[in-house]
Amino acid sequence: MHEMSLCEAVVEIAVEEARKNGAARIRAVILEVGVLGHVDPEALVFCFSAVSHGTLAENARLIIDRVPGSGWCLDCAKTVPMTERFGACPDCGRRHVQMSSGDELRLRELEVE
C-alpha cells in the first residue's frame, strides 16, 4: 500500500510548514487528489491517522478534494474530459490525448492554530 508512504510525506510537509509559520497544531490538511491517479482516497484517510499520531497533525481532519481528469486532444485541439488514463478523446475517438489534470496529489491548504 503506497498510500502509507504518501501520507508520511504529506504529514512531513504539513508539519514542516506549520512549524515555519509558528503554528502549535494542525486542525485540517486539505489535499487535491486526481481521479486518474493511482491513489485510493479511503486508504489515505485510513493511513493519515496512524501517520499523524504524535505530530502537530495528530487529530487533524484530512479533507480530500477530487480533481477530475482532463487532457488536450492533439487532433481536436481542445481540452476534453478524461475518465481513464490513455483513454480516447470523447469527441473524435482518437487516442492522441495528453493528460493535463487528474493525476495530481497536492497539499493545497492547512488549517492551523
Side-chain angles (χ1 to χ4, degrees):
M1 176 186 332
H2 69 284
E3 284 82 1
M4 184 65 79
S5 60
L6 292 173
C7 272
E8 288 172 342
V10 166
V11 168
E12 183 178 315
I13 292 166
V15 167
E16 181 179 324
E17 288 302 311
R19 283 191 177 130
K20 278 187 204 175
N21 291 285
R25 183 172 95 94
I26 299 171
R27 297 182 65 215
V29 175
I30 301 154
L31 292 180
E32 292 179 347
V33 179
V35 298
L36 301 177
H38 297 289
V39 177
D40 180 359
E42 291 179 20
L44 281 177
V45 171
F46 176 79
C47 294
F48 183 77
S49 62
V51 170
S52 62
H53 183 73
T55 71
L56 293 180
E58 186 170 6
N59 298 320
R61 291 178 299 130
L62 178 62
I63 300 166
I64 298 175
D65 288 337
R66 297 298 298 216
V67 177
S70 68
W72 179 258
C73 178
L74 299 170
D75 295 317
C76 295
K78 65 180 181 180
T79 300
V80 295
M82 295 181 72
T83 57
E84 63 180 330
R85 286 178 170 270
F86 310 111
C89 172
D91 292 342
C92 70
R94 295 191 181 106
R95 296 191 177 271
H96 301 133
V97 182
Q98 293 179 338
M99 186 172 24
S100 56
S101 71
D103 192 28
E104 47 273 327
L105 174 64
R106 181 178 300 123
L107 176 56
R108 187 181 75 206
E109 188 177 336
L110 295 175
E111 289 179 16
V112 297
E113 55 180 50

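None of these values were measured; they are calculated from a predicted model.
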| message | I need the Ser52 OG to Asn59 CG distance, nearest 0.5 Å. | response | 7.0 Å

| query | Apart from Trp72 itself, which Ile, Leu, Val, Met, Phe, Trp or Tyr residues share its cluster (side-chain heavy atoms under 4.5 Å, direct or through members)? | reply | Leu74

| task | Can you measure from CG (Leu62) to OG (Ser49) and round to the nearest 0.5 angstrom? | result | 9.5 Å

| What distance separates Ile64 CD1 from Leu105 CG, expressed to the nearest 0.5 Å? | 9.0 Å

| query | Sequence neighbours excluded, which residues qualify as salt bridge (Lys or Arg N to Asp or Glu O under 4.0 Å) partners of Arg25? | reply | Glu113

| Partner set under side chain to side chain contact (heavy atoms under 4.5 Å, CB included) for Pro68, not counting sequence neighbours | none

| Donor-acceptor under 3.5 Å (Asn21 side chain, Ala23 main chain) | no

| field | Under the side chain to side chain contact (heavy atoms under 4.5 Å, CB included) test, residues paired with Ser100 that sit two or more places apart | value | Ser70

| remark: Between the CD atom in Glu58 and the CZ atom in Phe48, the distance rounded to the nearest 0.5 Å is 10.5 Å

| message | Please enumerate all residues that pass salt bridge (Lys or Arg N to Asp or Glu O under 4.0 Å) together with Glu8, with sequence neighbours excluded. | response | none

| Mind checking whether Arg66 and Pro41 have side chains closer than 4.5 Å, heavy atoms only? | yes

| request: Work out which heavy atom in Ala28 is nearest to a heavy atom in Ile63; give both atom names and the distance. | output: CB-CD1, 4.2 Å

| note | For Arg85, the side chain to side chain contact (heavy atoms under 4.5 Å, CB included) test, sequence neighbours excluded, returns Leu36, His38, Met99, Asp103

| Does the side chain of Glu3 reach to within under 4.5 Å of the side chain of Val39, using non-hydrogen atoms? | yes

| message | I need the minimum non-hydrogen distance between Leu110 and Ala18, along with the two atoms involved. | response | CD1-N, 4.4 Å

| query | Considering only heavy atoms from C-beta outward, does the side chain of Arg106 approach that of Leu31 to under 4.5 Å? | reply | no

| task | May I ask whether Leu107 and Leu56 are part of the same hydrophobic cluster, defined by side-chain heavy atoms of I, L, V, M, F, W, Y residues being less than 4.5 angstrom apart, directly or through others? | result | yes

| Can you get from Val51 to Val33 by hopping between Ile, Leu, Val, Met, Phe, Trp and Tyr side chains that sit under 4.5 Å apart? | yes

| task | Only counting residues at least two apart or in another chain, list the ones meeting salt bridge (Lys or Arg N to Asp or Glu O under 4.0 Å) with Asp65. | result | Arg108

| said: Taking side chain to side chain contact (heavy atoms under 4.5 Å, CB included) as the definition, give me every residue that meets it alongside Glu12, ordered by chain and number, with sequence neighbours left out. | reply: none

Distance-only donor-acceptor hits, side chain of residues 76-83, under 3.5 Å, sequence neighbours excluded:
residue : atom : partner : partner atom : Å
Lys78   : NZ   : Asp91   : OD2          : 2.6

| Counting only N and O atoms by type, is there a donor-acceptor contact under 3.5 Å from the side chain of Arg94 to the main-chain atoms of Asp75? | no

| field | Contacts of Glu16 that satisfy salt bridge (Lys or Arg N to Asp or Glu O under 4.0 Å) - sequence neighbours left out | value | Lys20

| said: Could you see if Ile30 belongs to whatever hydrophobic cluster contains Val15? Use Ile, Leu, Val, Met, Phe, Trp, Tyr and a side-chain cutoff under 4.5 Å. | reply: no

| task | Taking Glu17 for its side chain and Ile13 for its backbone only, find out whether a donor-acceptor pair lies under 3.5 Å. | result | no

| task | Please identify each residue that fulfils side chain to side chain donor-acceptor pair (under 3.5 Å) with Arg61, with sequence neighbours left out. | result | Glu111

| request: May I ask whether Val35 and Leu44 are part of the same hydrophobic cluster, defined by side-chain heavy atoms of I, L, V, M, F, W, Y residues being less than 4.5 angstrom apart, directly or through others? | output: no

| field | Contacts of type side chain to side chain donor-acceptor pair (under 3.5 Å), residue Glu104, not counting sequence neighbours | value | none

